[in-house]
Amino acid sequence: MSVIVTRLRAAGCVFAEDEADLLVSTARTPADLAAMVDRRAAGLPLEHVLGWAEFCGLRIAVDAGVFVPRRRTEFLVREAAALAGPRAVVVDLCCGSGALGAALVASRRDQVELHAADIDPAAVRCARRNVAAAGGQVYEGDLYEPLPAALRGRVDVLLANVPYVPTEEIGLLPPEARIHEARVALDGGADGLDVLRRVTAAAPLWLAPGGHLLVETSERQVSRTVETFAGDGLIPRVAVSDELNATVVIGTRPAPGDTGLAGLSREVG
Ligand SMILES: C[S@@+](CC[C@H](N)C(=O)[O-])C[C@H]1O[C@@H](n2cnc3c(N)ncnc32)[C@H](O)[C@@H]1O
């Protein structure tokens with residue numbers, strides 16, 4: 001074990017002991033373990049080496065190249081779970097590994113109708129494993145395009161953790177993301193909001209009256225995100241978690257008689 005820790009530490013792994021424990025407990029054979037240590041020491045993300053990531057207390061399968069669900073995104077799932085009523089219809093757009101939808105379903109006792117979609121075939125293959133376990137369906141294609149038309153106007157909760165890194169800032173990301181996650185999972189265009197604007201523009205068509213769109217964003221992008229939501233007819237609200245350093249914008253499609261008040265809520269952890 002100490003040999004592995006030394007090797008990982010030399011490769012720059014800050015939590016070398018914890019990582020060594022995870023590698024040892026996941027490897028099936030000594031040869032498997034040696035190969036995993038080599039891959040980690042070469043700079044692959046730990047989750048890609050293990051083949052899974054922990055998210056909301058679940059083990060989510062994550063294949064090579066697929067976006068690793070981030071701890072901060074657990075806040076988006078918590079906010080979504082608080083908004084989803086009984087037997088909610090949930091769509092996870094830009095689903096990556098499918099972690100968000102799978103975690104939302106796992107957090108509830110009642111039945112949820114889950115649909116997820118992504119443009120990247122590798123993500124879709126991976127999401128099928130995670131989302132099938134949650135009883136959901138996964139589709140491949142550009143944003144809403146592959147979803148069944150029957151979902152229009154019926155979606156209660158629309159999760160969309162879209163790529164939101166401005167193109168020029170991709171080069172500043174840690175190598176684990178920059179090199180080992182697909183560009184399409186990170187690049188949000190010139191100001192980082194290109195995909196988000198497309199999601200928001202069509203959201204009122206898919207949301208049920210009173211339904212909610214939830215996106216994660218950065219502090220820097222929050223005011224433009226709120227403006228975009230309001231411009232597309234959604235009532236915006238910002239939720240912040242200090243504990244997870246996460247910002248979520250929630251847009252509600254007005255229901256008949258809705259007063260349309262925007263707001264901010266902060267979860268101090
Ligand atoms: C930041 S990752 C988030 C993945 C997952 N939601 C999560 O939080 O772990 C963004 C995802 O959006 C997908 N994506 C990017 N552009 C897309 C598009 N036009 N249509 C569908 N999916 C897209 C990428 O393939 C990637 O899986």
Side-chain angles (χ1 to χ4, degrees), residues 45 47-48 51-81 90-106 114-131 134 136-147 151 157-167 169-170 173-174 176-178 180-190 192-203 206 213-218 221 225 241 244-249:
E47 294 81 355
H48 287 161
W52 56 269
E54 191 185 325
F55 186 75
C56 293
L58 302 177
R59 261 192 193 198
I60 299 291
V62 186
D63 295 336
V66 175
F67 187 85
V68 176
R70 307 298 203 258
R71 178 85 211 289
R72 82 168 82 84
T73 309
E74 294 186 0
F75 181 59
L76 189 154
V77 174
R78 288 216 291 268
E79 290 290 313
V90 175
V91 169
D92 182 3
L93 267 198
C94 295
C95 68
S97 64
L100 279 58
L104 179 55
V105 169
L114 174 63
H115 303 266
D118 201 284
I119 201 164
D120 176 4
V124 168
R125 275 195 299 277
C126 186
R128 288 210 164 110
R129 302 199 329 261
N130 293 311
V131 168
Q137 295 287 321
V138 185
Y139 315 91
E140 182 180 323
D142 184 25
L143 298 185
Y144 301 92
E145 175 267 322
L147 295 177
L151 283 175
V157 175
L158 179 54
L159 312 166
N161 188 23
V162 303
Y164 60 86
V165 181
T167 305
E169 293 175 22
I170 301 268
L173 293 174
E176 288 182 344
R178 184 164 40 83
H180 298 289
E181 290 178 324
R183 175 92 182 199
V184 70
L186 305 170
D187 193 343
L193 300 179
D194 281 2
V195 184
L196 179 128
R197 275 188 284 268
R198 292 179 56 218
V199 167
T200 311
W206 294 86
L213 165 66
L214 295 96
V215 303
E216 184 177 283
T217 191
S218 68
Q221 292 165 323
T225 304
S241 165
L244 291 176
N245 189 24
T247 304
V248 168
V249 179

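All heavy atoms count here, side chains included; hydrogens, waters and symmetry mates do not. Start at 1 and go down the list; that is how both ligands and their atoms are numbered.
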*Provide, to 0.1 Å, the distance between atom 4 (C) of ligand 1 and the closest protein heavy atom, together with that atom's residue and name.*
Cys94 O, 3.4 Å
*asked:* Need the ligand 1 atom indices (1-based, order shown) with element for anything under 4.0 Å from a heavy-atom of Asp142.
replied: 18 (C), 19 (N), 20 (N)
_Arg71 CZ: over 12 foreign heavy atoms closer than 6.0 Å_ = no
_Identity of the nearest option to atom 24 (C) of ligand 1, non-hydrogen atoms only, from Asp118, Val66, Asp92, Ile60_ = Asp118
*Does the N or O separation between Ser97 and ligand 1 drop below 3.5 Å for any pair?*
no
*asked:* Assess the residue pair Thr73 and Phe55 against the criterion (side-chain contact (heavy atoms from CB on, under 4.5 Å)); give the C-alpha distance rounded to whole Å, side-chain angles, the decisive distance to 0.1 Å, and a yes or no.
replied: CA-CA 9 Å; Thr73 309; Phe55 186 75; 4.0 Å; yes
*Would you say Ile119 and ligand 1 have an N/O pair spaced under 3.5 Å apart?*
yes
*What atoms of ligand 1 come within less than 4.0 Å of a heavy atom belonging to Asp120?*
25 (O)
Below 3.5 Å, can you tabulate the donor-acceptor pairs from side chains in residues 159-167 to any protein atom, sequence neighbours excluded?
unit_1: Tyr164; atom_1: OH; unit_2: Glu216; atom_2: OE2; d: 2.7
unit_1: Thr167; atom_1: OG1; unit_2: Asp187; atom_2: OD1; d: 2.7
unit_1: Thr167; atom_1: OG1; unit_2: Gly189; atom_2: O; d: 3.3

*Nearest non-hydrogen partners of Ile60 and Ser97, listed with the distance*: CG2-OG, 3.6 Å
*asked:* Under the rule for side chain to side chain donor-acceptor pair (under 3.5 Å), what residues qualify as partners of Asp63, not counting sequence neighbours?
replied: Arg129
*Give a yes/no on ligand 1: does Ala182 have at least one heavy atom closer than 4.0 angstrom to it?*
no
*Kindly compute the distance separating CD (Glu181) from NE2 (His48), expressed to the nearest 0.5 Å.*
5.5 Å
*Could you tell me which atoms of ligand 1, counted from 1 in the order shown, lie closer than 4.0 angstrom to a heavy atom of Pro69?*
9 (O)
*Hey, does Ala123 come in under 3.5 Å of ligand 1, counting only N/O atoms on both sides?*
no
*Say whether Asn161, considering both its backbone and side-chain N or O atoms, lies within less than 3.5 Å of an N or O atom on ligand 1.*
yes
_Salt bridge check, Arg198 against Glu145: does any charged N sit closer than 4.0 Å to a carboxylate O?_
no
*Taking only heavy atoms of Gly141, which atoms of ligand 1 are found under 4.0 Å from at least one of them?*
20 (N), 21 (C)
*Would you mind running through ligand 1 and noting each atom that sits below 4.0 Å from a heavy atom of Pro163?*
10 (C), 12 (O), 15 (C)
_Polar contact flag for Leu93 and ligand 1 (N/O pairs, less than 3.5 Å)_ = no
*Do Arg70 and ligand 1 have an N or O pair less than 3.5 Å apart?*
no
